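Okay, so here's the structure we're looking at.
Nothing here was measured: the structure is a model prediction, and the numbers come from that model. Naming convention: chains lettered A, B, ... in sequence-line order (proteins, then strands); numbering from 1 in each chain.
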There are 2 protein chains.
Amino acid sequence: MTVPLYGFRPVRLELFVSQSEVPPQAADPLGAYIVENQAGFLLRRAHQRHASIFLETMAAHDLTPTQFTALIKVIESGRVTQNRLGRLTAMDPATIQGVARRLVDRDLVSRALDPMDRRTTVLIATDAGIALAARAVVAARAITAATLAPLDDDERIQLTALLRKLG
Amino acid sequence: MTVPLYGFRPVRLELFVSQSEVPPQAADPLGAYIVENQAGFLLRRAHQRHASIFLETMAAHDLTPTQFTALIKVIESGRVTQNRLGRLTAMDPATIQGVARRLVDRDLVSRALDPMDRRTTVLIATDAGIALAARAVVAARAITAATLAPLDDDERIQLTALLRKLG
DNA sequence: GCACGGTCATTCGTGTGCAAATGATCCACC
DNA sequence: GGTGGATCATTTGCACACGAATGACCGTGC
């Protein structure tokens with residue numbers, strides 16, 4: 001059971017539909033606060049489900065979503081500093097540090113000195129890293145498909161567009 | 001800068017558009033693998049952005065998204081065991097354990113023994129917990145609005161529906 | 001040449017998120 | 001009434017995620 005589908009049912013929170021602290025437009029009974037319908041709750045659930053699918057499908061390659069993304073971006077970049085890689089992959093410096101370290105530990109990525117800027121070390125994919133990424137991309141396509149499986153073609157395009165807009 | 005909007009631009013990964021490991025339909029040049037357009041990447045980004053908005057807006061109440069959700073669900077439930085609360089809030093037992101402990105530590109929730117089942121402890125919201133939740137829900141409405149701010153009304157409804165379907 | 005503001009990488013602390021293992025307890029079936 | 005499978009809560013170990021602080025270094029401007 002990779003994706004535990006919890007069967008919660010929405011319950012009105014009438015507790016909070018009192019006149020004092022609720023903004024005007026929430027006097028509408030449909031404005032009752034239902035946690036399960038909030039964007040944040042749904043995003044957390046969807047992200048969890050995707051992570052579960054990812055780890056299962058990518059198990060053979062032993063890559064997490066962030067590790068995979070970072071590896072792909074290192075390959076695309078050729079040479080890239082760690083902070084820049086973080087910006088490319090939407091990870092802050094504290095996070096990319098650990099991700100990069102694990103990739104380096106596994107010899108999927110190597111570090112090189114930048115004689116132009118002694119603060120940085122440049123990351124470069126190794127041959128093993130490129131080979132692993134080539135295999136992992138096949139799994140990654142399947143992961144995206146499995147993640148979007150509950151939606152039809154139009155809905156997949158819609159969701160992708162909406163999430164991009166949410167940026 | 002609560003929401004670091006990294007300006008990455010999609011780059012084709014022609015590296016992987018070789019005939020060997022790419023499935024048939026990916027011979028289409030549009031099938032090139034672009035990490036930034038994958039559902040997983042977009043979900044991670046959207047979830048990060050929401051979490052950032054949440055923590056900033058909820059700072060006065062010092063509640064994380066999971067703590068807030070758990071508190072609301074304890075209030076709605078009246079009495080609830082920890083594992084059941086986990087199912088209601090989409091958190092596994094190991095995760096809900098820490099969330100519940102932090103709520104109990106802050107006296108927002110209290111534990112009670114269940115004479116019917118000595119394995120469990122029942123969680124009940126305290127008066128302080130109910131009062132805090134009442135204030136926090138106001139912030140929570142603003143958080144949902146801010147999260148969905150880049151979208152117009154139709155798009156917000158679409159996104160919510162699509163994420164629910166993804167569930 | 002040097003002082004200062006900005007950037008790079010790292011570390012620490014806290015909070016999710018989950019697999020796996022554990023011990024206690026429950027319950028259904030025999 | 002006992003046994004075996006299920007459930008409850010917890011702990012450990014690992015991996016994100018980020019604020020805050022730190023030390024090294026860069027570049028500009030004086």
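For the side chain to side chain contact (heavy atoms under 4.5 Å, CB included) test, residues two or more places apart in sequence or in another chain that qualify with A:Q38 are A:Y33, B:T144. Applying the side chain to side chain contact (heavy atoms under 4.5 Å, CB included) criterion to A:A139, with sequence neighbours excluded, gives A:T57, A:M58, A:H61. Evaluation of the side chain to side chain donor-acceptor pair (under 3.5 Å) rule for A:T69 yields no partner, not counting sequence neighbours. Checked against side chain to side chain donor-acceptor pair (under 3.5 Å), A:R79 has no partners two or more places apart in sequence or in another chain. Listed by chain and residue number, nothing satisfies the side chain to side chain donor-acceptor pair (under 3.5 Å) test with A:T121 (two or more places apart in sequence, or in another chain). Taking B:D117 as the reference, B:R119 meet the side chain to side chain donor-acceptor pair (under 3.5 Å) condition, with sequence neighbours excluded. Evaluation of the side chain to side chain contact (heavy atoms under 4.5 Å, CB included) rule for B:Q97 yields B:Q82, B:R101 as partners, not counting sequence neighbours.
Going from atom CZ of A:R44 over to atom C1' of D:dC16 covers 15 Å, rounded to whole Å. Between the C1' atom of C:dA24 and the CG atom of B:D114 lies a distance of 15 Å, rounded to the nearest Å. Straight-line distance from the CD atom of A:Q48 to the C1' atom of C:dA19: 14 Å, rounded to whole Å. The CG-C1' distance, from A:D92 to C:dT14, rounds to 14 Å in whole Å. At whole-Å resolution of the value, CZ in A:R45 and P in C:dG17 are 11 Å apart. Look at CZ on A:R101: it is 12 Å from C1' on D:dC16, rounded to the nearest Å. Atom CG of B:L43 and atom C1' of C:dG17 are 16 Å apart (whole Å). Between A:M91 atom CE and D:dC18 atom C1' the separation is 13 Å, expressed in whole Å.
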Dump every N/O contact between nucleotides 12-14 of chain D and the protein below 3.5 Å, one line per pair.
none

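Residue-environment remark: CG (A:D105) exceeds the threshold of 12 foreign heavy atoms within 6.0 Å.
One finds no side-chain N or O of B:R118 lying less than 4.0 angstrom from the OP1 or OP2 phosphate oxygen of C:dA24.
Residue pairs that meet the side-chain hydrogen bond (donor to acceptor under 3.5 Å, both in side chains) test with at least one member in residues 146-163 of chain B, sequence neighbours left out, are A:K165-B:E155.
Sorted by residue number, the members of residues 58-69 of chain B with any non-hydrogen atom under 4.0 Å from DNA chain C read B:T64, B:T66, B:Q67.
Interatomic distance, CZ of A:F41 versus CZ of B:R164, reported as 10.0 Å (0.5 Å rounding).
Applying the 4.5 Å side-chain rule to ILVMFWY residues, one finds B:I124 in the same cluster as B:V122.
Nearer to the 5' terminus of DNA chain D, by closest-nucleotide assignment, is the contact made by A:T95 (compared with the other of A:M116 and A:T95).
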- Scoring nucleotides 1-9 of chain C by protein non-hydrogen atoms under 4.0 Å (B base, S sugar-phosphate only, - none) yields -----BBBS
